[in-house]
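Counting convention: from 1, in listed order, for ligands and their atoms alike. These numbers come from a predicted model, not from an experiment.
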Amino acid sequence: MTISSELPIVECVARARIPTTTGGPDIFLHLYKNNKDDKEHLAVVFGEDIRSKSLFKTRKNDTQQDRMIRGAYVGKLYPGRESADVDDKQKLQLQFDSETGALVYDANTTWNPENNTLVRIHSECYTGENVWSARCDCGEQFDRAGHLMAIDREPETNIIGGNGHGVIVYLRQEGRGIGLAEKLKAYNLQDLGADTVQANLLLKHPADARDFSIGKSILIDLNIKNARLLTNNPDKIEQANYPPLLNCVERVPMIPINWLNSNNGIKSKEIDGYLRTKMEKMGHLLSKPLNLHTAETVNTLI
Ligand SMILES: Nc1nc2c(ncn2[C@@H]2O[C@H](COP(=O)(O)OP(=O)(O)OP(=O)(O)O)[C@@H](O)[C@H]2O)c(=O)[nH]1
Ligand SMILES: [Zn+2]
């Protein structure tokens with residue numbers, strides 16, 4: 001068995017350029033299918049030149065039109081363009097292995113797989129990303145990851161950004177893998193006094209039911225070998241390592257915005273409790289002195 005056969009097989013189905021409302025660079029949204037679950041996992045890619053091996057590989061009866069429509073093109077699409085592999089305006093041309101059909105690395109068109117690349121492996125959070133929940137920092141972390149990938153350096157923290165390159169893998173594992181319905185029940189238990197770990201356990205779920213293997217396969221498919229991983233979660237750092245195909249070469253902290261500037265970011269009793277539980281029970285690498293509110297006891301619930 002080869003090392004890679006232990007990981008789920010992923011295939012990028014489509015990629016499209018997304019001009020953004022933030023004034024930052026265009027991003028490229030990649031949608032993946034896999035052989036492990038039936039969810040549509042995503043990769044938000046900063047940098048036109050970070051290329052999915054499975055998307056770009058020449059397929060049977062592939063036409064240039066097929067390739068442009070699925071997003072396997074170089075440079076930028078424009079009305080009337082006929083070739084996916086050549087962008088005449090920018091003088092870019094992709095090369096393929098004549099036997100395997102695989103994209104051949106070329107420094108003019110493709111991000112060097114050896115580059116240290118800013119990466120975030122994010123898990124879906126409907127509440128934090130869509131309905132302005134102040135129970136967690138997922139929405140803020142998603143925005144912050146994208147911001148850091150767009151900039152060259154963040155003055156407040158001295159964090160070196162991606163300067164237009166980076167990947168946010170977006171995994172559909174809502175509620176640390178327990179799903180939205182169970183997460184909503186966990187929220188009610190939290191209002192009854194449980195912390196986030198206790199609530200999961202009371203519902204007979206593990207504290208964290210997530211699996212990052214599909215995320216690893218997606219990063220390997222995007223030909224990222226050396227990840228500067230944006231996280232405070234030690235478990236994720238361990239899980240993102242898959243040498244020699246994928247190495248976590250650096251951990252870049254996700255500092256809550258409110259800790260950097262008390263006028264910004266999320267302020268709530270719930271977020272204090274959420275962060276405290278991550279630090280005290282899940283070993284998160286956050287170093288602010290624990291002056292957060294103390295979680296109430298839930299012995300009566302357990
Ligand atoms: N079960 C449960 N899941 C939650 C709760 N709050 C947030 N989540 C989920 O937790 C996950 C957030 O994980 P990440 O943003 O990857 O954060 P992390 O693993 O804690 O670590 P970082 O990389 O440091 O941010 C998402 O799947 C959320 O839906 C909660 O109170 N209960
Ligand atoms: Zn969340």
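Of the protein's non-hydrogen atoms, the one nearest atom 31 (O) of ligand 1 is Gln190 NE2, 2.9 Å. The protein non-hydrogen atom at the shortest distance from atom 6 (N) of ligand 1 is Tyr274 CE1, 3.3 Å. When hydrogens are left out, the protein atom nearest atom 24 (O) of ligand 1 is Asn232 N, 2.8 Å; that is the closest non-hydrogen contact. Scanning the protein for heavy atoms near atom 22 (P) of ligand 1, the closest one is Thr231 OG1, 3.5 Å. Of the protein's heavy atoms, Arg176 CG, 3.2 Å lies nearest to atom 10 (O) of ligand 1. From the protein, the heavy atom lying nearest to atom 12 (C) of ligand 1 is Cys138 SG, 3.7 Å. Looking only at protein heavy atoms, the nearest one to atom 16 (O) of ligand 1 is Lys236 NZ, 2.7 Å. Taking atom 8 (N) of ligand 1 as the reference point, the nearest protein heavy-atom neighbour is Lys183 CD, 4.1 Å.
Heavy-atom separations between Lys278 and ligand 1 include at least one value shorter than 4.0 Å. Not a single heavy atom of Tyr126 sits closer than 4.0 Å to an atom of ligand 1. Residue Glu174 places a heavy atom less than 4.0 Å from ligand 1.
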Intermediate values then yes/no, salt bridge (charged side-chain N to carboxylate O under 4.0 Å, His left out), Arg144 and Glu140: CA-CA 6 Å; Arg144 185 159 163 68; Glu140 171 181 302; 5.9 Å; no
Test ring-ring contact (aromatic ring centres under 6.0 Å, His included) applied to Phe142 and His122, step by step: CA-CA 7 Å; Phe142 188 86; His122 191 88; 5.2 Å; yes
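For ligand 1, the atoms closer than 4.0 angstrom to any heavy atom of Gln141 are 15 (O), 25 (O). For ligand 1, the atoms sitting less than 4.0 Å from at least one non-hydrogen atom of Ile178 are 1 (N), numbered in the order shown with element in parentheses.
Below 3.5 Å of separation, one finds an N or O of Arg210 facing an N or O of ligand 1. Considering both main-chain and side-chain atoms, Gly175 comes within under 3.5 Å of ligand 1 through a nitrogen or oxygen pair. Between Arg120 and ligand 1, at least one N/O pair is under 3.5 Å apart.
For the pair Arg67 and Tyr73, the cation-pi criterion (under 6.0 Å, within 45° of the ring axis) is not fulfilled.
Side-chain atoms of Ser262 do not come within 3.5 Å of backbone N or O of Asn258 as any donor-acceptor pair. Although no hydrogens or angles enter the test, the distance criterion places a donor-acceptor pair under 3.5 Å between the side chain of Ser268 and the main chain of Ala134. With Arg251 contributing its side chain and Thr231 its backbone, the two residues share a donor-acceptor pair below 3.5 Å. Between the side chain of Lys216 and the backbone N or O of Gln239 there is at least one donor-acceptor pair closer than 3.5 Å.
With no hydrogens or angles considered, no side-chain donor-acceptor pair links Asn223 and Tyr105 at under 3.5 Å. For the residue pair Thr110/Asp49, the side-chain donor-acceptor check at 3.5 Å is not satisfied. Using modelled atom types, one finds no donor on one side chain facing an acceptor on the other under 3.5 Å when comparing Glu270 with Tyr187.
Counting heavy atoms from C-beta on, the side chains of Glu174 and Tyr126 come closer than 4.5 Å. When side chains are defined from C-beta on, Pro256 counts as touching Leu286, because their heavy atoms get closer than 4.5 Å.
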Side chains of residues 203-214: which donor-acceptor pairs under 3.5 Å do they make with residues two or more places apart or in other chains?
from	atom 1	to	atom 2	distance (Å)
His205	NE2	Glu182	OE1	2.8
Asp208	OD1	Arg210	N	3.1
Asp208	OD1	Arg210	NE	3.0
Asp208	OD2	Arg210	NE	3.4
Asp208	OD2	Arg210	NH2	2.9
Arg210	NH1	Ser123	OG	3.0
Asp211	OD1	Ser213	N	2.8
Asp211	OD1	Ser213	OG	2.9
Asp211	OD2	Lys36	NZ	2.3
Asp211	OD2	Ser213	OG	3.2
Ser213	OG	Lys36	NZ	3.2

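Inside a sphere of radius 2.8 Å centred on the Zn ion (ligand 2), the protein N/O/S atoms present are Cys125 SG, Cys136 SG, Cys138 SG.
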